[in-house]
2 protein chains.
Amino acid sequence: MQSFTEENYLKIIYHLSELSNPVQTNAIAERIQTKAASVTDMLKKLSEKGLVDYVKYQGVTLTAKGKLTAINIVRKHRLWEVFLTQKLNFKWDEVHDVAEELEHITSDLLVERLDEFLEFPKVDPHGDPIPDRDGNFASLSFVKLSKLKINEGGAITGVSEHSSPFLKHLEKLGLTLGKKIVVTEIIDFDGSVELKVDQHKINISREVAKHILISK
Amino acid sequence: MQSFTEENYLKIIYHLSELSNPVQTNAIAERIQTKAASVTDMLKKLSEKGLVDYVKYQGVTLTAKGKLTAINIVRKHRLWEVFLTQKLNFKWDEVHDVAEELEHITSDLLVERLDEFLEFPKVDPHGDPIPDRDGNFASLSFVKLSKLKINEGGAITGVSEHSSPFLKHLEKLGLTLGKKIVVTEIIDFDGSVELKVDQHKINISREVAKHILISK
DNA sequence: AATAATTTTTAGATTTGTCTAAATTTAAAA
DNA sequence: TTTTAAATTTAGACAAATCTAAAAATTATT
Ligand SMILES: [Mn+2]
Ligand SMILES: [Mn+2]
Ligand SMILES: [Mn+2]
Ligand SMILES: [Mn+2]
C-alpha cells in the first residue's frame, strides 16, 4: 500500500512520461510543488518498493507495477470528476481539486460501484479517457485546434489545459465538449483563430487554440 | 485547517463526550488505536489551536470551535454512508470504513451538493441523526430493546454498535431499520429476549438486545 | 495515613516528508 | 579541451505523528 504522497508522485511521473522518458527530477519537482532534493528522496523510496526504475542523474521510468498503480489513480480521479459533474452539478472547472482528494480513497468496491452507477463512462468532463479496471483505455485520436487550416473543422473532444480560468473562458465562449467548429480565418498578425460555432463567429488567441483538441 | 489525524481526534473526543465529560486520555488512546503518550502530545496541540480545553491529568472538553469542527466531520461521515447505501448499493455493514476516509474530504460545496443529491436525509443507515450545515440535529428518543418488558414493542430506529459482524447478524435475523417488533418473552436463565418480527418469533441474546434501539 | 495500583505525563528515539546549503555530476559554451 | 552553467544528489536539519521506558500524579486499598 502506498501513502497519499507516494501515489501523487506515481501519478505525476505517469503523466510526465507521455512527454519525455525517462522523467527528470526537476520536472517532477516543478509539477509537485516541491524541491528537487525531496524528489530525489522519494525516487529512491519508490525504487526500493519496485514501483519505478531509477538511475541516478538519468531520471525515472515506471515499472509495470508502478504504471498499474498510477493508472488506477487516474481512473479514480476521472470517475470522480464524472460523478461531480453528472450527479452533483459541478462545472468542469470545479471538479479537479476535489478529485485530487477523492482519487486517494482506497476501496475497490467503491470504484467498481461508482463506475456502474455512472454507467461506465468512457471519458471524463475534460474529454480524457477513463481506464477500465485492468488499466486499458482507447487512445482517442485528435488534433490541436491550432493545427487546423482554414475551412477545416470537427468536434471538440478534449482540452489539454485544466486550469479553472482557462475552462471558464472556454465556457463563456460556448466552446464546450461536443461542440462542432470550423476554422474560418487565421489572423496573420498574432496567429489568432477565427472560427464558427453555433452559427456565429468568434476569435480565440493562438494560446487558447493550442489547448483545444478536435476530432474530425 | 486541521490534519487528517487532528480531525480524527476531534471526532473521537466528540463521541466520547456523550459518555463522560471531560474525556480521559486513555479512553481516547483505546478508541483511536494509539498510545496514551501520543494522545497527550495531540491534546496539547489541539489545546494550543483552541479546539479543546485541556487540563493536565484531568482530561479534555471540546471548545465551541472544536465541537463545530467535530460535528461537521460527523455530518460528512453520515452523508457519505447514506450515499453508499442508497446510491451504490452498499450494505449497512460495508459503509463505515469507506466513510472514515471520505469524511476528511475538504469541500463545502461537495457536502452541500451531496446533501441535496440525497434529498437532505435526516438519519444515516444505522439510524444516527445527520446534523445540518449549522451543526443542529434532532435528538431522537429511543430505548434499548433490552429495557422493554413483555408485550412492549416498537420500531427499530437505530443500533448502538456498528461492527460488521453485529450488523450482518441483525440482517440475517431480519432485524433491520424500521422493522416493528414486540417482546414476547424474557428468558430467566440467560436474560435473552424472545420477540415477534414479521409474524414469526425469534430469540436474541441480551448482548444483542442492548444494542438495538427502539422507538415506541 | 501510608501503601499499592492505575492513569497520565515526560523524555528521548523513530519514521515520513520536507527543507537549505554544499558537493557532485552532466551538459553547454568558450 | 578547459571553463562555465545547469541539473542532480548528498548532508544535515526540521516538523509532525508516533513509539518505549521511566517519572510523576491521581485514585483505590489496606
Ligand atoms: Mn482533473
Ligand atoms: Mn479531468
Ligand atoms: Mn460509521
Ligand atoms: Mn453510521
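Numbered from 1 within each chain, the chains take letters A, B, ... in sequence-line order.
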Legend entry - Flag, side chain of B/Lys65 to backbone of B/Lys49, donor-acceptor distance under 3.5 Å: yes

Inset, instruction - Ignoring backbone atoms, establish whether B/Tyr54 has a side-chain N or O less than 4.0 Å from OP1 or OP2 of C/dT9. - result: yes

Legend entry - N/O (side chain, A/Asn26) to phosphate O (OP1/OP2, D/dT8) under 4.0 Å: yes

Legend entry - Short N-O contact, B/Lys144 and B/Glu161, less than 4.0 angstrom: no

Legend entry - Listed nucleotide nearest any side-chain atom of B/Thr40, set C/dT9, D/dA7, D/dT10: C/dT9

Legend entry - Integer-rounded Å distance: C/dT15 C1' and A/Glu6 CD: 12 Å

Inset, instruction - Figure out the CG/P separation between A/Leu43 and D/dT10, and round it to whole Å. - result: 11 Å

Inset, instruction - Please report, rounded to the nearest Å, how far the P atom of D/dA16 is from the CZ atom of A/Phe4. - result: 18 Å

Inset, instruction - Measure from the side chain of B/Lys44, starting at C-beta and using heavy atoms only, and say which of C/dT10, C/dC19, D/dC19 lies closest. - result: C/dT10

Inset, instruction - Give A/Thr25 one of three labels, base, sugar-phosphate or nothing, depending on what nucleic acid heavy atoms sit under 4.0 Å from its own. - result: sugar-phosphate

Legend entry - Check ion pair A/Glu152-A/Lys147 (N to O, under 4.0 angstrom): no

Inset, instruction - Starting from P on D/dT8, measure out to CD on A/Gln24 and report it in whole angstrom. - result: 5 Å

Legend entry - Nearest-Å distance for atom pair CD1/P, residues B/Ile32 and C/dT8: 15 Å

Inset, instruction - Test the B/Lys87-B/Phe117 pair against the cation-pi criterion, namely NZ or CZ under 6.0 angstrom from the six-membered ring centroid and within 45° of the ring axis. - result: yes

